[in-house]
Amino acid sequence: MAKIAPPQPVRGTQDMLGETADRFAHVVDRFDAVRRLFGFQRVEVPVIEPTAVFARSLGETTDVVSKEMYSFDDRNGDSITLRPEFTAGIARAYLSNGWQQFAPIKLATHGPLFRYERPQKGRYRQFHQLDAELLGSDSPLSDVELLCFADHLLRDLGIADGVTLQLNTLGDSASRDAWRAALVEHFASHRAALSEDSRARLDKNPLRILDSKEAADRPIADAAPDIDQFLTTEAQDFFAAVTAGLDAAGVRWQRNSRLVRGLDYYRHTAFEFVTDRLGAQGTVLGGGRYDGLIENLGGPPTPAVGWAAGIERLAMLLDAPPPSQLDVTIALEDDALRTDALALLRRLRDAGYNAECIASGSPRKRFDKAAKSGALVLLSLATRDGTKQLNARHDGGERAVAIEAVARTAQ
RNA sequence: GCGAUCGUAGCUCAGUUGGUUAGAGCACCGGUUUGUGGUACCGGGGGUCGUGGGUUCAAGUCCCAUCGGUCGCCCCA
């Protein structure tokens, strides 16, 4: 029979084992602990949503919707999409379940998201995010609360040192529209000098020219008007209240007037925690205020603010975790003593020690393998002169002595 | 969608201007004459050199195509 070729993984997906999986789990564990500290409720939402949930909230013309979504028709012919982000689905759940009754409500979740993109460092087609949302509050204190949560998490993970919080305001819709018009005018007058990419952006997403990486664009982008002169009094006051709150809470931030958001629904506060340690993928956590989103989905006007962070990226920034220390390895040198080994394992594990038993391969090799396992205590179970013998080898430390005592306890 | 770069054993990698039978470490299996020692030593199995064409007396090595990985652009966390 011809051997079939083994299947390949779907491009941009990952299989995680050992340290990689441990790092991932650690990020999620700490997120869950910190979200409790800040009183964010755990929320679970579906991985699949009707395509319209994302098409309406993100904007039909955005790249995410027009070319990056995993969409398919289910058996009824309804268009279904694997979620490319959390916010839209949570907003949908908020409306579906009448969570207005709990507003303002603080929610947190995490899980897989899907975007059809070329994979590169810290970017995958199935990727994973932490997500925090605060719905139903128009107070700048909510923005501050959310940023304090993010800052606390990064400090808890021990990666805050290499990461800076960049902050900007996009203003309310009146401010944003006026600024956008001024930017279009500015960039249009320099159209010929712009890079090819930015000439395309001018029609599709002019704000994005501001953070262009193209050298040719930098002088023009740097000379573009800031939003500040277009901010309404209300928008100015809002941003001032956010920054004052951050200062009071001891969260360090940097104004980045070139920071914009890719998606249409953002208003007012926009922020990114950025590092230079992840190549081109510098944003570790990003978000902002999206007062218009829930209305876009057909709900009542509802202010909201949120952020998301890539778990893979956070995991890559973590210090190397200490190698896991095995407490005991048993070298079972005589298969006739298999039941004794099982009983011994049970006793050790009941006492809270992690224990392994080496019982395969040639009997003579088992001691070798056990010795290489790096366990604190090496136990060997053998038959000598017709009698059962249990030997222990260790460094004489306190824990090791306690382990040997448990091992020698009569059953 | 575009660009760069890399595919050699289960894993990490050597492999010279193209030149005999493609190597190492780790992992796996066996042996080192019943042993309070053995994290050692010796040996063994395992490769269509990603795949398909081409150039050549001769291709892991050069050329073309294709598939896959990585990094970058676009976009975005």
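Note: hydrogens, waters and symmetry copies are ignored here, and every other heavy atom, side chains too, is used. First the proteins, then the strands, lettered A, B, ... as listed; each starts at 1.
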Checklist entry - The side chain of A:Glu117 lies closest to which of these nucleotides: B:A77, B:G37, B:C29? => result B:A77
Next on the checklist: On the side chain of A:Arg123, is there an atom forming a donor-acceptor pair with the base of B:C75 - under 3.5 Å, no angle test?
Outcome noted: yes
Checklist entry - Are the ring centres of A:Trp307 and A:Phe273 closer than 6.0 Å? => result no
Checklist entry - Counting side-chain heavy atoms from C-beta on, which of B:C28, B:G68, B:C76 comes nearest to A:Gln8? => result B:G68
Checklist entry - Does a side-chain N-to-carboxylate-O contact under 4.0 Å join A:Asp32 and A:Arg35? => result yes
Checklist entry - Say you pick atom C1' in B:G46 and the same atom in B:A24; how far apart are they, in whole Å? => result 15 Å
Item to check | Nearest to side-chain heavy atoms of A:Lys365, which nucleotide of B:A40, B:U36, B:G31 | outcome: B:G31
Checklist entry - Is there a donor on the side chain of A:Glu333 or the base of B:G37 sitting less than 3.5 Å from an acceptor on the other? => result yes
Next on the checklist: Of the listed nucleotides (B:A77, B:G30, B:G37), which one gets closest to any side-chain atom of A:Arg115?
Outcome noted: B:A77
Checklist entry - Roughly how many Å is it from NZ in A:Lys213 to P in B:G3, rounded to a whole number? => result 19 Å
Checklist entry - How close or far is atom P of B:C74 from atom CG of A:Leu194, stated in whole angstroms? => result 14 Å
Next on the checklist: At less than 4.0 Å, is any side-chain N or O atom of A:Gln120 found next to OP1 or OP2 of B:G72? Yes or no.
Outcome noted: yes
Item to check | Distance between P atoms of B:G10 and B:C6 (Å, rounded) | outcome: 23 Å
Checklist outcome for this item: A:Phe367 atom CZ is separated from B:A40 atom C1', nearest whole Å, by 12 Å
Item to check | Heavy-atom closest pair, residues A:Pro84 and A:Met69 | outcome: CG-SD, 4.1 Å
Checklist entry - Should A:Lys369 be listed as having a side-chain N or O under 4.0 Å from OP1 or OP2 of B:U39? => result no
Next on the checklist: Under a plain distance cut-off of 3.5 Å, with no hydrogens placed, do A:Thr269 and A:Asp143 share a side-chain donor-acceptor pair?
Outcome noted: yes
Next on the checklist: Between A:Thr283 and A:Glu272, do the side chains contain a donor N or O and an acceptor N or O under 3.5 Å apart?
Outcome noted: yes
Checklist entry - Are OP1 or OP2 of B:C74 and a side-chain N or O of A:Arg201 less than 4.0 angstrom apart? => result yes
Checklist entry - Do the side chain of A:Lys67 and the base of B:G1 come within less than 3.5 angstrom through a donor-acceptor pair of N or O atoms? => result no
Checklist entry - Looking at A:His268 versus A:Phe239, is the centre-to-centre ring distance below 6.0 Å? => result no
Item to check | Gap in Å between the two C1' atoms, one belonging to B:C57 and one to B:G18, rounded | outcome: 12 Å
Next on the checklist: Checking side-chain polar atoms at under 3.5 Å, does A:Asp217 have a donor or acceptor matched by the opposite partner on A:Ser195?
Outcome noted: yes
Checklist entry - In whole Å, what is the span from the CE atom of A:Met69 to the C1' atom of B:C76? => result 15 Å
Checklist outcome for this item: Looking only at heavy atoms, the pair that brings A:Ala88 and A:Glu85 closest together is N-OE2, 2.8 Å
Item to check | Proximity to RNA chain B (any heavy atom under 4.0 Å), residues of residues 10-24 of chain A only | outcome: A:Arg11
Next on the checklist: Measuring only the C1' atom in each nucleotide, how far is B:A65 from B:A27? A whole number of Å is fine.
Outcome noted: 36 Å
Next on the checklist: Say we look at B:C75 and B:G15: how far apart would their P atoms be, to the nearest angstrom?
Outcome noted: 40 Å
Next on the checklist: Nearest heavy atom decides the nucleotide; on that basis, is A:Asp197 or A:Gly287 closer to the 5' end of RNA chain B?
Outcome noted: A:Asp197
Item to check | Interatomic distance, A:Ile358 CD1 vs B:C28 P [rounded to whole Å] | outcome: 9 Å
Checklist entry - Does the cation-pi check pass for A:Arg125 over A:Phe114, that is, NZ or CZ under 6.0 Å from the six-membered ring centre and within 45° of its axis? => result no
Checklist entry - NA contact type, A:Arg366, heavy-atom cut-off 4.0 Å: base, sugar-phosphate, or nothing? => result nothing
Next on the checklist: Wobble G-U and Watson-Crick pairs count when both distances are under 3.5 Å; given that, what is the 5' to 3' dot-bracket string of RNA chain B, with | for pairing to other strands?
Outcome noted: (((((((..((((.....[...)))).(((((.......))))).....(((((..]....))))))))))))....
Item to check | For atom CD of A:Glu312 and atom C1' of B:A77, their distance in whole Å | outcome: 9 Å
Item to check | Given A:Thr87, A:Leu135, A:Ile90, the one that forms side chain to side chain contact (heavy atoms under 4.5 Å, CB included) with A:Leu293 | outcome: A:Thr87
Checklist entry - Would you say the side chains of A:Ser173 and A:Arg176 form a donor-acceptor pair under 3.5 Å? => result no
Next on the checklist: Suppose you measure atom C1' in B:C49 against the same atom in B:A14; what distance do you get, rounded to whole Å?
Outcome noted: 13 Å
Item to check | Lys/Arg-Asp/Glu bridge criterion (N-O < 4.0 Å) met for A:Asp203, A:Arg191 | outcome: yes
Item to check | A:Glu68, nearest nucleotide to its side chain (from B:G72, B:G37, B:C75) | outcome: B:C75
Checklist entry - Is a donor-acceptor pair below 3.5 Å formed from side chain A:Asp368 to base B:U39, judging by atom type as modelled? => result no
Next on the checklist: Regarding A:Glu44 and A:Arg42, does a basic nitrogen lie under 4.0 Å from an acidic carboxylate oxygen?
Outcome noted: yes
Item to check | Nucleotide B:C76, atom P - distance to OH of A:Tyr70 in whole Å | outcome: 18 Å
Item to check | Rounded interatomic separation in angstrom, taking OH from A:Tyr116 and C1' from B:C2 | outcome: 14 Å
Checklist outcome for this item: Smallest heavy-atom separation, A:Leu376 atom then A:His394 atom, equals O-CB, 3.3 Å
Item to check | Atom P, compared across B:U66 and B:C28: separation rounded to whole Å | outcome: 41 Å
Checklist entry - Looking only at atom C1', what distance separates B:A40 and B:G35, rounded to whole Å? => result 14 Å
Checklist outcome for this item: Per the under-4.0 Å heavy-atom filter, residues of residues 370-383 of chain A near RNA chain B come out as A:Ala371, A:Lys372, A:Ser380
Item to check | Minimum-distance nucleotide (side-chain atoms of A:Phe127 versus B:C75, B:A77, B:U36) | outcome: B:A77
